Each structure stands twice: as C-alpha cells, then as structure tokens.
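Okay, structure first, notes after.
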Amino acid sequence: MHGTQDASPWVQRWSHLLPAACDVLDVACGHGRHMKWFAPRGHRVTGVDRSQEAIAAVAGIGEAVQADIENGPWPFAGRTFGAVVVTNYLWRPLLPTLVASVAPGGVLIYETFAAGNETVGKPSRPDFLLQPGELLRAAATLQVVAYEDGFLASPDRFVQRLAAVRVELSQVDPQHSGGNHGGHSSAQAGRRRYTL
C-alpha cells in the first residue's frame, strides 16, 4: 500500500536542506510516509491526495487535504511551503505550480519514474515517465543541489530525482551580486554551496 513504507532514501538524504520548523507539503501523499518522516522532526506537515482513504489515514499527522489536483483547482493557491515533496507521482501540467509553491529559502525534493522504466515494469506509459532532463527544466528557477537520472535496483526501476532550493535574495553574497566581479557571473552570484 502506497505510503506505508519508510520515507524514500532520497527524501531522507536531502531533509537537512529544509529550513527549521517549516511547512512541508507532501503531494500525492498516500498514507503519509513522508508526513510521518517530517512531523517528528519539528515540521508542520500538509498532505494532499485524491483518495479519501489516504486522507483519513493522515488526518492525525497534520493538515490533510482531499483534492483532485489533476482535474480540480490547486487547493493551496497563494500558499508557499518550506518544502514541497513529491515521490512516485507525475502530472506535468502541475510542475510549474509545484515549483512556484516553494517558499524563498525552501526546497523541492522530487523523485519519480523516468523513461526506461517501461523496460522493467510499471509504470510504463510515457505519460507517467519523465523524459531525460525534464526535472531539471521544470526546476530551472531553483538552485539544483542534487540531480540523478538513471537505473536503481531492488526493485528495478528508472528514476529521476532532484533536490533544489529557492535562493532568497538575502542569501546572495553582496560582494558578488550583479555584474561580473572577481570572475563571478551574475548567475553564479546567487549560488550557494550546500552540504552533500
């Protein structure tokens, strides 16, 4: 049953990027494995899923929102989150909304199936498989800290996964903002180094 296993190792690995005690949105949360990971670590968690059963299962963990995010309105219009977490879910029209939902200083942690998965199992429909570099393009307005696109074993699957941060203006080094000072381009000026 989706959501009953432990938090994804990818989500666990990049959890240190989250601001302290931030609001976390778990998209297509299932039975809340990631809500259960973040709540005891001091984060306020919100889960959204279209399944009434899933929402009933996570209601005691945090805010639980039942919504069809593919065919209905985005239930979090005007809200941003310190972390947006998405695993094993892809609805391409929602990608810009998910990225826009990351607050300044917040993080997007995304992991789902990629092209090639049709050779080892399900999902196999192109609608549910990211194309090469697709997550990187979707997160172009964020600073990518980590990205992988390839094969994983046990169980066999092809995935893309990304951890990316929305850099706050206050995080930019003022000595390197704008222009081309000291060999740093303006694109490099807004970059920070993160612990891997």
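When a residue number appears, it is its place in the shown sequence, counting from 1. Since this is a predicted model, take the numbers as computed values, not measurements.
Atom CZ of R50 sits in a sparse spot, with 12 or fewer heavy atoms from other residues, nucleotides or ligands closer than 6.0 Å.
Residues Y110 and V27 are not in side-chain contact: their nearest non-hydrogen atoms beyond the backbone lie 4.5 Å or more apart. Within the 4.5 Å cutoff, the side chain of V85 has no heavy atoms near those of the W37 side chain. Looking only at side-chain heavy atoms (C-beta outward), W74 and L94 come within less than 4.5 Å of each other. In this structure, the side chains of V24 and M35 stay at 4.5 Å or more apart for every pair of heavy atoms. Counting heavy atoms from C-beta outward, F76 and V84 have side chains that stay 4.5 Å or more apart. By the 4.5 Å heavy-atom criterion applied to side chains, T112 and V86 are not counted as neighbours. Contact of the D23 side chain with the R79 side chain is not registered, since no non-hydrogen atoms from C-beta on lie closer than 4.5 Å. The closest side-chain heavy-atom distance from W14 to V107 is not below 4.5 Å.
Within the 3.5 Å criterion, the main-chain N or O of V159 finds no donor-acceptor partner in the side chain of E111. Side-chain N or O atoms of Q52 include none that pairs as donor or acceptor with a backbone N or O of Q66 at under 3.5 Å. Between the side chain of Q12 and the main chain of W10, no donor-acceptor pair closer than 3.5 Å is present.
The distance from atom CD1 of I109 to atom CZ of R161, rounded to the nearest 0.5 Å, is 12.0 Å. Rounding to the nearest 0.5 Å places NE2 of H34 at 12.0 Å from CD1 of I61. Going from atom CZ of R33 over to atom CD of Q5 covers 4.0 Å, rounded to the nearest 0.5 Å. To the nearest 0.5 Å, the span separating CG on L135 from OH on Y147 amounts to 6.0 Å. Annotation: the span from T87 atom OG1 to D26 atom CG amounts to 6.5 Å, rounded to 0.5 Å. Here the straight-line distance linking atom CG of D149 with atom CD of E134 works out to 10.0 Å at 0.5 Å rounding.
C29 approaches V58 most closely through the heavy-atom pair SG-CG2, 4.3 Å. A pairwise comparison of heavy atoms in D49 and A28 identifies OD2-C, 3.3 Å as the closest pair. H31 and A57 make their closest contact through ND1-CB, 3.3 Å (heavy atoms, listed as atom of the first residue, atom of the second, distance). Closest heavy-atom contact between F128 and P123: CB-CB, 3.8 Å. Of all non-hydrogen atoms in I55 and A64, the two that sit nearest each other are CG2-CB, 3.7 Å. For the residue pair R166 and V99, the shortest heavy atom distance occurs at NH2-O, 2.6 Å.
Residues V48 and Y89 share a single hydrophobic cluster, defined by chaining ILVMFWY side chains whose heavy atoms lie under 4.5 Å apart. Linking Ile, Leu, Val, Met, Phe, Trp and Tyr residues whenever their side-chain heavy atoms come within less than 4.5 Å places V144 and L142 in a single cluster. Under the 4.5 Å side-chain contact rule for hydrophobic residues, L136 and L129 do not share a cluster. Linking Ile, Leu, Val, Met, Phe, Trp and Tyr residues whenever their side-chain heavy atoms come within less than 4.5 Å places L90 and L162 in a single cluster.
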